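To start, the structure under review is shown below, and the notes come after it.
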Protein chains: 2
Amino acid sequence: MITIEHIKKKLIEKGIKPTYPRVRIYQVLSDNGGHLTADFIFKEIRKDIPTASRTTVYNTLSSFVEVGLVDEILITGTEARYEIKRRNHHHFLCKKCGGIFDIDIKCPLAQGEYSRVRGHLIQEIHGYFKGICKDCLKKAELEREEHEKDDREVSE
Amino acid sequence: MITIEHIKKKLIEKGIKPTYPRVRIYQVLSDNGGHLTADFIFKEIRKDIPTASRTTVYNTLSSFVEVGLVDEILITGTEARYEIKRRNHHHFLCKKCGGIFDIDIKCPLAQGEYSRVRGHLIQEIHGYFKGICKDCLKKAELEREEHEKDDREVSE
DNA sequence: TTTAATTTTGTAATGATTACAATTGAGCAT
DNA sequence: ATGCTCAATTGTAATCATTACAAAATTAAA
Ligand SMILES: [Mn+2]
Ligand SMILES: [Mn+2]
Ligand SMILES: [Zn+2]
Ligand SMILES: [Zn+2]
């Protein structure tokens with residue numbers, strides 16, 4: 001639970017005027033875990049600011065990303081996800097339920113910031129996995145067992 | 001330069017009927033290096049098949065990805081890129097020129113296929129960097145030198 | 001050749017994001 | 001307080017990649 005004052009300070013530090021919509025957008029990002037869509041944030045701040053526009057959400061997120069307050073994550077192919085910048089980490093996208101999970105693994109990729117590869121200047125490092133998440137695996141397992149039971153009953 | 005026959009064999013192996021548009025799409029992927037957009041492929045096969053439709057390109061790419069012949073790369077946030085599947089490798093996206101480069105680094109990520117992380121079943125591994133590519137760095141450097149010269153001349 | 005199944009095509013719809021002009025609001029000078 | 005200027009916000013329209021879907025064409029089977 002970050003305080004409004006703390007948020008304001010963070011924005012000012014980065015040269016962003018802490019208007020109410022901007023502070024609220026940061027607060028939504030802070031209070032709802034990571035990997036939020038612009039649409040989720042929009043609906044959330046609409047509760048407080050019924051006149052808020054999608055454009056403001058997009059503009060604000062862009063400037064947050066630009067100054068390095070927020071990371072933009074492109075995994076799903078349909079919509080960008082946003083989360084407050086923290087130590088570099090990877091992600092896992094479940095192809096079944098669409099869930100995105102943080103994966104904290106030690107990886108040479110995520111070591112020194114702003115290094116080089118093959119002469120190219122690195123500014124961002126992204127790593128992610130796709131597959132079936134733990135929960136969906138368990139669910140599938142249970143369903144399989146159900147089917148087996150059904151089959152047994154039918155063949156009786 | 002892969003032969004048509006070789007392409008046909010590859011498609012059949014994966015259960016895909018090697019129609020002419022499909023073979024051509026695979027050939028375009030094969031002949032033009034990696035990271036192609038659907039639009040590029042569309043325009044390319046239009047040269048041979050003036051009636052070809054975008055839908056066919058999208059459908060074909062989807063089935064290629066589905067059977068594991070092709071990888072879909074989501075880096076730019078605007079359009080998917082496609083390349084024939086090969087040994088797992090990372091990518092570098094230049095924020096200046098938009099170029100995408102292969103980065104072959106040994107990374108624990110890209111080791112065993114179909115492993116697990118935190119109980120989640122891994123089916124795909126993606127890693128990429130964003131920054132300024134070698135060429136764009138050099139170009140910027142040259143421009144900087146030009147400006148310095150200008151400044152000197154002005155102050156003379 | 002007739003028929004059925006598959007593939008391709010063309011066009012319309014979708015949906016996230018961006019462009020942009022009009023409106024609002026904050027801060028400052030009168 | 002009033003008006004002024006600049007920045008922020010809003011609302012709406014445009015963009016653009018991708019998908020949906022039905023009609024037309026092609027292929028394979030009978
Ligand atoms: Mn995260
Ligand atoms: Mn590649
Ligand atoms: Zn899942
Ligand atoms: Zn470049």
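No experiment lies behind these values; they were computed from the predicted model shown. By convention in this document, chain letters (A, B, ...) are assigned in the order of the sequence lines, proteins followed by strands, and residues within each chain are numbered from 1. Just so you know, these numbers use all the heavy atoms, side chains as well, and skip hydrogens, waters and symmetry mates.
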- Query: With a non-hydrogen cut-off below 4.0 angstrom, is B:Thr56 in contact with a base, only sugar-phosphate, or nothing?
  - Reply: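 Base contact - B:Thr56 has a heavy atom under 4.0 Å of at least one base atom.
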- Query: Counting any heavy atom closer than 4.0 Å, what does A:Thr37 reach on the DNA or RNA strands: base, sugar-phosphate only, or nothing?
  - Reply: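 Answer is nothing: A:Thr37 stays at 4.0 Å or more from every strand.
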Please list, for nucleotides 22-30 of chain D, all pairs of protein and nucleotide N/O atoms separated by less than 3.5 Å.
none

- Task: Can you establish whether the number of heavy atoms outside A:Lys95 located under 6.0 Å from its atom NZ is more than 12?
- Result: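 Enclosed: over 12 neighbouring heavy atoms sit under 6.0 Å from NZ of A:Lys95.
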Starting from [atom2] on [N], measure out to [atom1] on [X] and report it in whole angstrom.
| X | N | atom1 | atom2 | value |
| --- | --- | --- | --- | --- |
| B:Phe42 | D:dA17 | CZ | C1' | 13 Å |
| A:Tyr20 | D:dA8 | OH | P | 18 Å |
| A:Ile49 | D:dT10 | CD1 | P | 7 Å |
| B:Lys43 | D:dA17 | NZ | C1' | 12 Å |
| A:Leu11 | D:dA8 | CG | P | 12 Å |
| B:Ile75 | D:dA17 | CD1 | P | 17 Å |

Taking the basic N atoms (NZ, or NE/NH1/NH2) and the acidic carboxylate oxygens, is any pair closer than 4.0 Å for [X] and [Y]?
| X | Y | value |
| --- | --- | --- |
| A:Asp71 | A:Arg81 | no |
| B:Asp39 | B:Lys43 | yes |
| A:Glu141 | A:Arg144 | yes |
| B:Asp104 | B:Arg87 | yes |

- Query: First and last nucleotide of DNA chain C touching chain B, 5' to 3', heavy-atom cut-off 4.0 Å?
  - Reply: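 For DNA chain C, the relevant span reads C:dT6 to C:dT11.
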- Task: Identify which nucleotide among D:dC21, D:dT9, D:dT10 has an atom closest to any side-chain atom of B:Thr55, counting heavy atoms from C-beta outward.
- Result: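 Out of D:dC21, D:dT9, D:dT10, the nucleotide with an atom closest to B:Thr55's side chain is D:dC21.
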Got a second to check how far [X]'s [atom1] is from [Y]'s [atom2], nearest 0.5 Å?
| X | Y | atom1 | atom2 | value |
| --- | --- | --- | --- | --- |
| B:Asp48 | B:Arg24 | CG | CZ | 4.0 Å |
| A:His89 | A:Asp102 | NE2 | CG | 3.5 Å |
| A:Leu121 | B:Leu137 | CG | CG | 5.5 Å |

- Which comes earlier along DNA chain D counting from the 5' end, the contact point of A:Thr60 or that of B:Ser62, where each point is its nearest nucleotide?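 Looking at the nearest nucleotide for each, A:Thr60 comes out on the 5' side.
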- Does A:Arg22 or B:Tyr82 map to a spot on DNA chain D nearer the 5' end, using the closest nucleotide for each?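 That would be A:Arg22.
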- Out of B:Tyr128, B:Phe92, B:Phe129, which one pairs with A:His120 under the ring pair (Phe, Tyr, Trp, His ring centres under 6.0 Å) rule?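 The residue from B:Tyr128, B:Phe92, B:Phe129 that satisfies ring pair (Phe, Tyr, Trp, His ring centres under 6.0 Å) with A:His120 turns out to be B:Phe92.
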- Item | Short side-chain N/O contact to D:dT18 OP1/OP2 from B:Arg54, under 4.0 Å |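 B:Arg54 to D:dT18 OP1/OP2: no side-chain N or O under 4.0 Å.
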- Query: Side-chain N or O of B:Tyr58 less than 4.0 angstrom from OP1 or OP2 on D:dT19?
  - Reply: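 Checking B:Tyr58 against D:dT19: no side-chain N or O falls below 4.0 Å of OP1 or OP2.
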